[in-house]
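Heavy-atom basis, side chains included; hydrogens, waters and symmetry copies ignored. Every chain is numbered from 1 and lettered A, B, ... according to where its sequence line falls, protein lines coming before strand lines. Just so we're clear, the structure is a prediction, and the values are computed from it rather than from any experiment.
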Protein chains: 2
Amino acid sequence: MNAAGELILERGYDGFALRPVAERIGYSATTIYLHFADKDALIAAVIDEGFGRFLRALQAVDTPDPLGRIADLGRAYVRFGLENRVYYQLMFMQRPDLLNVGSREHQRERTGTFEILVDAVQRALDAGALRPDDPVDYSRVLWAAVHGIVALAVKLPRFDDTTVARTTELMLDLLNRGIER
Amino acid sequence: MNAAGELILERGYDGFALRPVAERIGYSATTIYLHFADKDALIAAVIDEGFGRFLRALQAVDTPDPLGRIADLGRAYVRFGLENRVYYQLMFMQRPDLLNVGSREHQRERTGTFEILVDAVQRALDAGALRPDDPVDYSRVLWAAVHGIVALAVKLPRFDDTTVARTTELMLDLLNRGIER
DNA sequence: TTATCTTAGTGAACTATGTTAACAAGCCGA
DNA sequence: TCGGCTTGTTAACATAGTTCACTAAGATAA
């Protein structure tokens with residue numbers, strides 16, 4: 001799985017092949033099939049690892065102020081995407097079709113990340129910081145917003161780090177300003 | 001190019017191969033290499049066609065009200081992405097690395113789409129509808145916002161049409177409300 | 001008219017890929 | 001000790017992208 005992640009990073013998802021993985025770990029290509037059903041299963045395992053890290057990255061956000069917490073979750077989301085491009089692309093851009101397989105544990109890890117966001121929005125609602133609205137709707141908007149930034153940054157070189165930072169801050173500022181009561 | 005677009009739609013980008021393209025148009029596979037340098041060149045040609053359609057879709061927006069025009073551009077963007085999933089994914093998600101090649105004409109078609117958005121924001125600024133800010137920064141935020149929606153909708157089946165519509169409306173409402181002076 | 005060049009096309013072949021089949025060696029409980 | 005499970009292997013197959021050598025038909029120039 002480590003070698004797979006490395007090789008996807010080095011050669012891109014399209015250029016990723018099993019034989020180089022085997023070569024790097026010093027085994028023959030067919031040995032991979034003793035541990036994973038097929039290429040997709042190996043990628044799915046890498047994705048699961050990514051969701052574990054993603055969940056921990058979001059759980060690390062502990063801003064008390066309700067509105068500030070939403071913004072900090074957005075910042076943590078963008079940071080994770082930029083610092084874990086391989087994981088992020090596999091999880092949300094390249095192979096989200098592999099999201100429906102996996103153990104219950106992994107399923108929960110995945111839904112858990114979105115719930116963190118919805119909870120934060122609900123908390124802000126309860127605190128009277130937001131105009132009343134469906135927290136899930138607003139969470140989807142936030143998700144799409146930060147995903148858009150990461151997705152563009154990961155694919156388009158002209159979205160460099162400072163551009164991403166400026167876009168993120170302006171985006172979160174406008175959204176929070178737009179929903180503030 | 002038509003057959004290529006069809007086959008990418010039918011079998012997905014990963015399952016897209018040249019021999020079926022040749023078979024569909026009644027030629028041998030090698031004939032494709034008489035007209036395109038390689039597989040990427042064929043895909044690049046499809047992408048150029050997509051940008052032409054994309055530009056025309058945005059040019060068709062003629063809302064006079066400055067703030068309304070920005071929102072309608074966002075709606076047109078999302079609509080184009082959903083109605084042209086193959087083009088959209090190739091252009092912005094799968095192979096944006098093929099964006100730097102092509103004729104001057106095609107280059108201009110691509111930059112032109114973003115300029116339409118920047119112009120609309122500048123117009124709203126001039127009309128005094130926005131808080132003063134860099135129009136390019138705000139345009140990037142808008143772009144990332146609608147791209148995020150389309151990117152999630154195209155990849156995740158749970159983002160159905162009504163969810164997309166609600167998310168789009170809430171997103172545009174919050175962003176415009178956030179920047180309104 | 002004839003010789004040559006260009007254009008449009010073909011099938012065979014090479015390499016790389018995902019994947020399966022058949023087989024071998026070591027470990028481990030009965 | 002023996003049979004089965006685990007962990008490997010090599011050989012092989014089908015499908016990819018791509019290159020090569022070749023053919024046939026027009027266009028063109030002498």
C:dT10, OP1 or OP2 - any side-chain N/O from B:Thr31 closer than 4.0 Å?
yes
| query | Between A:Tyr27 and D:dT7, is there a side-chain N or O to OP1/OP2 distance below 4.0 Å? | reply | no
Using only atom types and a distance under 3.5 Å, with no angle test, would you say the side chain of A:Arg131 pairs donor to acceptor with the backbone of A:Gly178? yes
Fill in: A:Thr167 side chain reached by A:Leu152 side chain, heavy atoms, under 4.5 Å
no
So, with a heavy-atom separation below 4.0 Å from DNA chain C, the residues of residues 9-22 of chain B are B:Arg19
Numerically ordered, the residues 32-50 of chain A set in heavy-atom contact under 4.0 Å with DNA chain C is A:Tyr33, A:Asp38, A:Lys39
Checklist entry - Can you find a heavy atom in the side chain of A:Glu6 that is under 4.5 Å from one in the side chain of A:Val86? => result no
- Would you state whether a donor and an acceptor, one from the side chain of A:Thr30 and one from the base of D:dT10, lie under 3.5 Å apart? yes
Applying ring pair (Phe, Tyr, Trp, His ring centres under 6.0 Å) to A:Phe51 and not counting sequence neighbours gives A:Phe92
Under 4.0 Å between a Lys/Arg side-chain N and an Asp/Glu carboxylate O for B:Glu49 and B:Arg53?
yes
Test item: B:Met171 and A:Leu175 side chains (from C-beta on) under 4.5 Å apart, heavy atoms:
yes
Does the gap between the ring centers of A:Tyr77 and A:Phe54 come in under 6.0 Å? yes
What I want to find out is whether A:Glu105 reaches A:Arg108 closely enough, with some N-O distance under 4.0 Å, to be called a salt bridge.
yes
